[in-house]
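Scroll down for the structure; my scribbles are underneath it.
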2 protein chains.
Amino acid sequence: MLISELSRRSGVPIATIKYYLREGLLPPGEATAATRAEYDDLHLGRLRLIRALVEVGNLPLAAIRRILGAVDNEDLDVHGLLGTAQYALGPKVDPPEDEEWQETSDQVDAFLADLGWRVTSFAPARKMLTQALVTLRRLGMPAGADQLRPYAGAAETLAREEIGRIDTSAPRSALVEGVVVGTVLYEPVLIALCRLAQEHQSALRFAPPRS
Amino acid sequence: MLISELSRRSGVPIATIKYYLREGLLPPGEATAATRAEYDDLHLGRLRLIRALVEVGNLPLAAIRRILGAVDNEDLDVHGLLGTAQYALGPKVDPPEDEEWQETSDQVDAFLADLGWRVTSFAPARKMLTQALVTLRRLGMPAGADQLRPYAGAAETLAREEIGRIDTSAPRSALVEGVVVGTVLYEPVLIALCRLAQEHQSALRFAPPRS
DNA sequence: AATATTAGAGAGTGTAGCTATCCAGTCAAG
DNA sequence: CTTGACTGGATAGCTACACTCTCTAATATT
């Protein structure tokens with residue numbers, strides 16, 4: 001398949017495909033002549049994956065490149081892949097290591113230890129959580145373990161579900177893609193449902209009942 | 001307080017504060033002379049709120065402007081405010097209304113109707129959910145009502161919690177700020193906890209037990 | 001009087017993600 | 001064998017965003 005067909009079948013403009021090739025997100029096609037190259041279904045799948053991560057996951061291309069690198073790294077197991085995917089997602093901020101931050105960070109550590117969760121000390125989600133809590137407190141909102149617990153409970157239930165859904169007997173290529181897609185694309189699903197649920201609950205409490 | 005003190009107390013550079021003033025995110029200070037203006041604690045609070053929405057919520061300034069407009073609109077009730085906040089958050093994509101999209105959109109409607117959730121037909125989270133599902137399916141992942149249900153259950157529990165936490169006896173200014181902050185800033189908390197839970201579950205299943 | 005600071009406005013910066021234009025080489029149709 | 005559409009590859013340009021810098025005239029502090 002030539003680039004025009006790849007473009008037609010994926011819905012991605014040729015210029016953008018060329019850009020992804022330049023950026024190393026998409027492996028080059030097999031050159032058959034100086035101005036000719038063949039692409040196959042693997043390219044098509046990869047392209048669809050990239051677009052999914054861009055459009056739904058809102059990931060910057062640099063993060064996608066890291067994730068794809070992990071997908072292509074045969075030496076990485078599922079757990080390692082998941083770590084890489086999460087690391088690529090993680091917040092890009094490195095906050096000031098002041099006292100307020102340190103204190104909250106310690107509380108996060110204590111909270112996770114209390115839950116018995118096994119997470120690495122450098123997991124970006126730790127920073128993400130710490131930053132959110134610091135900010136909430138600075139705004140005068142309550143943000144202690146009591147507020148966190150229901151969220152942690154929900155998170156644990158869903159994580160068990162997701163990890164349980166992984167079919168380890170599938171071929172590696174399908175497996176890793178499933179893990180990445182699941183990690184990145186189920187987040188918007190959860191967020192969307194949370195917002196819808198919030199609107200519903202708000203309607204129940206604050207809006208006049210339907211006529 | 002002069003702009004330099006506002007800057008010092010908020011940690012936001014003077015140039016950035018001026019930029020926010022120009023962009024209408026921050027109301028102008030009270031001018032005491034041609035080159036002098038006084039700012040007060042309201043400005044400081046507003047500035048902190050803006051930074052929270054930027055840094056933790058990752059909202060574009062245009063969305064923040066809309067949210068602040070809703071906060072300042074005395075005619076808006078809590079339910080309306082929440083709607084505005086969610087609308088400002090919503091995805092910026094307007095997807096191609098092709099057959100695949102329409103079909104999934106109908107399934108989303110059916111799913112929400114089945115849950116008995118009262119949400120407006122134009123809620124941006126509907127689009128967000130539809131897009132995520134379309135994308136998941138295009139990648140060959142299962143994304144039907146069975147997969148959605150656990151997420152919906154968790155979302156409902158958390159939403160009830162959040163809406164229940166709102167103290168309607170508080171003064172309006174505190175109330176609306178609480179709603180906005182809760183809506184926007186608890187999302188990162190949930191996401192972070194989901195990722196941490198996922199890492200933990202993945203470790204339980206795939207990683208060798210701790211020595 | 002000398003120095004620093006201020007408000008306000010415009011222009012400039014850097015990053016991200018494309019998009020447009022060129023060019024020489026290639027292919028299929030007539 | 002010519003014509004015209006298309007190709008890979010390289011380069012430059014574009015738009016949006018969130019600042020950041022520079023300038024000016026007016027003020028304040030010492």
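Residue numbers start from 1 in every chain, and the chains themselves are labelled A, B, ... in the order their sequence lines are given, proteins ahead of strands. Basis for what follows: all heavy atoms, side chains included, without hydrogens, waters or symmetry-related copies.
Using a 4.0 Å heavy-atom cutoff across all strands shown, A37(B) reaches sugar-phosphate atoms only and no base atom. Here R51(A) lies in heavy-atom contact (under 4.0 Å) with sugar-phosphate atoms only. Within the nucleic acid shown, P28(A) has no heavy atom closer than 4.0 Å to any nucleic acid atom. Contact annotation for A33(A): backbone-only contact, meaning every heavy-atom pair under 4.0 Å involves sugar-phosphate atoms and none involves a base.
Nearer to the 5' terminus of DNA chain D, by closest-nucleotide assignment, is the contact made by S4(A) (compared with the other of Y20(B) and S4(A)). Across the interface with DNA chain D, nearest-nucleotide mapping of L21(A) and T35(B) shows L21(A) to be the residue nearer the 5′ end. Both T16(A) and A34(A) lie close to DNA chain C; mapped to their nearest nucleotides by heavy-atom distance, the more 5′-ward contact belongs to T16(A).
The aromatic rings of H200(A) and W117(B) sit parallel to each other, their planes meeting at less than 30°, with 60° as the upper class boundary.
On a pure distance criterion of 3.5 Å, a polar donor-acceptor pair joins the side chain of R22(B) and the base of dG10(C). For K18(B) and dA9(C), a side-chain-to-base donor-acceptor distance below 3.5 Å is absent, hydrogens and geometry of angles not being considered.
Across all non-hydrogen atoms, the minimal contact from G144(A) to R137(A) is CA-NH2, 4.1 Å.
In this structure, the nucleotide among dT19(C), dT20(D), dT6(C) sitting nearest to the side chain of Y19(B) is dT20(D).
Between the side chains of Y39(B) and R9(B), no donor-acceptor pair is found at a separation under 3.5 Å.
Side chains of L158(B) and Y186(B) form no contact here, defined as non-hydrogen atoms less than 4.5 Å apart.
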